[in-house]
K.L.:
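Next up is a structure, given as structure tokens.
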Amino acid sequence: MSLSEQIPRNCFAWMLLALVAIILPHATHLPVWELVALTVALIWRVQLYRGVWRYPGLWAKVLLAVLSIAGLRLAYGRFLGLEPMVALLIISVILKLLEMNKRRDAFMVIYLGFFVTATQFLFHQNIFAAFYGFFCVLLLMTTLMALSRGPGVDDLRSGIPVAFKLMMQSLPVMLVLFLLFPRLGNLWAVPMPQHTAKTGVSDTMSPGDFSSLSRGGGRAFTATFEGEVPSARDLYWRGMVMDEFDGRTWSSRKWGFYPDGGMVEWNKASKNATSPTANQWRVNAEPIGRSVSYSIIMDPTHRSWLFALHLAESTHEDLGVSRNFTLRSLSPVAQRFQFDVVSYLDHKVESEPLPQWRYKQETALPDGYNPRTRALAQQWREEENSSEAVVDRFLAWVGSEFTYTLEPPLLGRNSVDEFLWQTQRGFCEHFASSFVVFMRAAGIPARVVSGYQGGELVEGFITVSQADAHAWAEVWFEGRGWVRVDPTAAVSPLRIESGINSVFERSVTNPLSMEAYRHISSLNWMRLQMEKLNYNWQRWVLNYDREQQYGMLSRWLGIVEAWKIGVLMLASVAGIVGIIALWMWWHGRPEPLSPGFQAFQRFAVKLKKVGIVREPGEGIRDFSRRAQDLLPDQAPEIQRIERLLQSVLYAEQSECLGPLREEVARFKVRSISAPITSR
Amino acid sequence: MEKTVERLVAEISRVVLGKDTQIRLALACLFSRGHLLIEDQPGMGKTTLAQSLAKVLGLEYNRVQFTSDLLPADIIGVSIFDRDTNGFRFHQGPVFSQLLLADEINRTTPKTQSALLEAMEERQVSAEGVTHTLPKPFFVIATQNPSTQDGTFALPESQLDRFLMRISLGYPDNRAERALLEGRDPRERIDQLQTLITPDDFDDIIEQAEQVQASSTLLDYLQRLIAYTRNAPEFSYGLSTRGALSLMRCAKTWALMHGRHHVIPEDLQELLPSVVAHRVRDAADYSGQSGYGLVERVLEQVDVVG
């Protein structure tokens with residue numbers, strides 16, 4: 001192999017490092033055998049370099065390729081889709097690494113590496129992923145540097161500064177492309193990761209669900225308010241309304257017969273419909289007075305329900321309102337999702353008397369469960385004269401005798417009976433569930449609502465964590481409609497007023513979540529800074545979509561036209577390149593000549609016109625002597641200039657500068673006695 | 001000053017005919033307190049020039065003919081047992097003189113060559129643990145045959161660097177040669193030369209030369225010259241700092257000898273072949289004979305203006 005085809009040692013080292021770095025973010029969703037393959041390939045590569053092992057033969061390569069394809073098929077069960085394709089790309093890079101033995105191959109691996117780096121953003125989009133991507137590109141650029149510098153450069157680190165400089169120079173171009181390059185809808189649409197675990201509050205609720213969710217930690221969403229943030233007591237982020245109970249688990253009604261319209265009214269549909277509201281039940285909600293506007297950025301949950309303060313309205317075209325007045329998304333939220341909401345904190349919902357079929361729905365209980373609860377509920381119903389009184393009596397009972405805990409005891413078949421008379425210790429779902437069961441047994445319409453309560457105010461926005469997951473109840477009173485009742489608030493008012501962390505210092509036990517370290521102030525501070533950073537990243541970078549781009553461009557350009565964008569893009573890139581070029585020129589420009597030499601240059605130019613050209617190595621004395629020989633008539637003049645020049649330049653007599661300038665200005669070649677040829 | 005120089009040149013020219021430039025260079029070298037290396041074919045008047053210089057400048061001189069069996073002690077001196085004092089007494093060698101004429105220095109072995117090294121650089125010698133100071137001034141004028149000739153030990157770079165100048169004489173032109181052939185034996189004529197300056201004059205000249213001004217513009221040019229020898233690919237190695245200092249010192253003397261109190265680029269240019277050529281080496285040439293060509297390039301390429 002010729003020397004020019006050899007891959008330098010530095011390049012190898014950087015490449016191995018870069019490959020590990022670019023594959024690492026994919027580790028969670030790659031099949032395990034691919035990580036094993038990476039390790040084997042790295043070892044093989046090192047052994048190859050040491051000359052201990054040999055390159056795989058043709059048959060071995062074919063076998064490896066076939067095995068990889070089969071492995072992918074087994075791991076995913078399909079080839080189409082994002083994860084199998086990314087896995088295919090990565091295994092190709094790994095296999096290419098094995099057979100790489102020429103510069104050309106190395107280039108290929110590096111370019112594939114850039115591509116793999118890009119794919120990591122399909123799975124992670126936060127600001128740390130962006131920094132990590134930057135780091136990966138830096139590694140790859142350094143590899144490229146080492147490759148193009150060739151062998152003989154010993155210092156492993158020598159390529160880093162150049163690579164970094166190159167990246168910094170390309171950064172402005174990247175920004176221009178990010179801001180201006182048209183976002184061409186479908187062409188750029190990449191399939192979203194599937195098979196990812198669903199997170200957050202689910203659509204069913206059994207005892208123990210919320211406490212385990214709460215311990216996991218992790219961000220659910222952030223909300224940015226226009227104007228004042230409502231007090232913590234009002235921050236009930238409503239997600240699901242659950243009105244079906246099977247004796248153990250609460251769930252929301254997925255289908256059923258509704259005489260007054262469909263389950264969900266979609267904004268898209270109502271826009272096209274002839275009548276403004278197709279569903280009769282929309283009139284049941286009646287906003288009164290104060291409203292708050294805010295925008296929510298949700299992390300992907302892979303579920304279709306959204307969270308908002310009751311009573312929420314949104315005009316986002318992918319949203320709809322369910323008949324329980326919760327917000328729904330058309331498709332599961334598979335990527336970060338932002339929507340604007342207006343909530344009317346004072347409202348009346350279904351304040352008219354409930355029709356019989358509604359009353360039946362909201363008081364239904366399965367037979368054969370919790371006999372003791374039902375008996376007591378009926379007894380209280382007879383003793384008290386109003387629904388409100390029953391509710392108050394229940395809350396007073398719970399508030400005086402029960403304990404709020406993150407570690408509730410397990411419950412048996414008659415979960416409510418056991419909770420109310422035996423354990424009396426529970427998390428929010430226990431209180432909400434037993435409350436609603438009790439009310440329904442007493443003939444009062446009630447239902448469970450799940451979502452989040454509270455949140456952490458971080459510089460103008462509220463971040464809501466999974467630890468804030470909460471369940472509460474809504475009770476229907478005659479004339480008032482559905483009213484929120486939170487039995488947890490009766491047990492632990494602190495939970496509602498100042499959040500779960502004021503009750504349980506270490507509510508989050510997941511060691512991978514930063515929230516588990518809230519009690520360490522420096523780590524907590526760091527967590528808050530990270531929250532802020534990520535929030536701004538989401539708000540200003542990730543949210544920059546087609547509409548935002550269009551809005552910005554129309555502010556700048558008036559009517560947005562393709563040619564205008566093209567010209568703007570070209571002009572910006574040209575401007576950036578121009579600035580860099582100017583900067584380089586400025587630093588490489590020659591120093592200005594001293595005044596003495598400037599005078600000499602003027603003198604030399606005058607002589608040049610008649611063909612007396614100075615050679616670079618020719619000093620002033622020699623030049624002047626030559627000129628005197630060629631122009632004997634003007635010898636005294638030239639001699640005077642020479643003497644002045646010598647004085648200024650070499651005897652440092654600056655007072656001679658004035659006379660020198662005058663002499664040079666006066667000097668003029670009068671006549672040429674003989675044809676002049678240069679030295 | 002100019003007159004003194006002219007008188008010295010004229011006096012030496014009576015013996016060394018038609019070599020005015022070389023005589024001036026040699027004088028500049030001695031006035032800069034530097035050692036001189038004269039390199040040429042045998043029989044070109046190297047020794048004659050050296051002897052004439054010693055005579056005219058009124059320096060007390062010793063001459064050593066270097067041979068391949070010459071030992072360091074032959075130059076420095078030996079301690080001999082003295083029966084009268086019952087102890088050893090140091091007998092000074094030929095190096096204890098104001099001017100040492102080292103004839104055909106490259107015919108002797110490196111050991112003896114390097115014995116001269118300490119004397120040249122430190123102006124003192126060590127013998128049997130005792131350091132002896134040499135007289136002031138102390139000069140070495142060495143002559144050597146081209147190192148391509150048989151029976152020579154080429155001086156290493158470190159030793160060449162200690163000579164301020166290396167000059168060669170070359171054949172005399174027609175007229176000068178005719179005059180030589182017509183005249184009497186040069187050896188006899190040396191004896192007739194007159195000493196023209198006193199040791200005090202000599203010191204005075206050295207003192208004055210050090211006062212000559214080198215402007216920042218000139219130093220810029222000098223640094224460009226040095227940088228070129230260090231950066232250009234055709235140079236195997238560039239000019240050392242000692243070389244640069246030597247050049248500067250010599251240029252000041254040269255300017256003084258031409259009646260100026262400031263150095264101009266032409267001074268450097270005229271001295272460059274003699275002062276620098278033996279200190280640089282062409283990357284493509286291993287014989288060490290390429291210095292003059294390189295100096296030519298430097299002079300052509302480096303701009304005086306800048």
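Chain letters run A, B, ... following the sequence lines, proteins first, then strands; residues in each count from 1.
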K.L.:
If we ignore hydrogens and angles and just use 3.5 Å, is the side chain of B/Thr217 paired with the main-chain N or O of A/Leu649 as donor and acceptor?
P.N.:
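Indeed, once roles are kept as given, a pair shorter than 3.5 Å links the two residues.
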K.L.:
Which heavy atom of A/Tyr650 sits nearest to which heavy atom of B/Pro265, and what is that distance?
P.N.:
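So the minimum-distance heavy-atom pair works out to OH-CG, 2.9 Å.
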K.L.:
State whether B/Glu266 and A/Arg625 are salt-bridged, where the test is any N-O pair (Lys NZ or Arg NE/NH1/NH2 against Asp/Glu carboxylate O) under 4.0 Å.
P.N.:
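Salt bridge flag = no for A/Arg625 with B/Glu266.
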K.L.:
Sort by residue number and list every member of residues 166-174 of chain A having a non-hydrogen atom under 4.5 Å from chain B.
P.N.:
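Residues qualifying by a heavy atom under 4.5 Å from chain B are absent, so none.
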K.L.:
Give a yes or no on this: more than 12 heavy atoms of other residues, nucleotides or ligands lie within 6.0 Å of atom CZ of A/Arg640.
P.N.:
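Atom CZ in A/Arg640 is crowded, with more than 12 foreign heavy atoms closer than 6.0 Å.
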K.L.:
Contact part of B/Glu296 toward chain A, heavy-atom cut-off under 4.5 Å: side chain, backbone, both or neither?
P.N.:
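For B/Glu296, there is no contact with chain A at all, as no heavy atom is under 4.5 Å.
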K.L.:
Checking A/Leu593 against chain B: side chain, backbone, both or neither under 4.5 Å from a heavy atom?
P.N.:
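Only the side chain of A/Leu593 comes within 4.5 Å of chain B.
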K.L.:
Below 4.5 Å from any heavy atom of chain A, which atoms of B/Leu218 appear? Answer side chain, backbone, both or neither.
P.N.:
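It is both, since atoms from each part get that close.
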K.L.:
Let me know if B/Val305 has heavy atoms under 4.5 Å from chain A in its side chain, its backbone, both or neither.
P.N.:
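Both backbone and side chain.
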K.L.:
Is the count of non-hydrogen atoms from other residues, nucleotides or ligands lying under 6.0 Å from A/Phe135 atom CZ greater than 12?
P.N.:
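Open: at most 12 neighbouring heavy atoms sit under 6.0 Å from CZ of A/Phe135.
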K.L.:
With a 3.5 Å distance limit and no angle check, can you tell me whether B/Gln269 reaches the backbone of A/Gly617 through a side-chain donor-acceptor pair?
P.N.:
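Side chain of B/Gln269 to backbone of A/Gly617, a donor-acceptor pair under 3.5 Å: yes, one is there.
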K.L.:
Rounded to the nearest 0.5 Å, what separation is found between the CG atom of B/Leu299 and the CD atom of A/Glu618?
P.N.:
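So the CG of B/Leu299 and the CD of A/Glu618 are separated by 12.0 Å.
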K.L.:
Are more than 12 heavy atoms from other residues, nucleotides or ligands located less than 6.0 Å from atom OH of A/Tyr55?
P.N.:
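Above 12, so yes.
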K.L.:
Could you give the distance from CD (B/Gln301) to CD (A/Glu615), rounded to the nearest 0.5 Å?
P.N.:
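Rounded to the nearest 0.5 Å, the CD-CD separation comes to 11.0 Å.
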K.L.:
Atom CZ of residue position A/Phe164 - does it have more than 12 heavy atoms of other residues, nucleotides or ligands inside 6.0 Å?
P.N.:
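Atom CZ in A/Phe164 is not crowded, with 12 or fewer foreign heavy atoms closer than 6.0 Å.
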K.L.:
How about CZ on B/Arg178, more than 12 heavy atoms from neighbouring residues, nucleotides or ligands closer than 6.0 Å, or not?
P.N.:
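Count not over threshold, so no.
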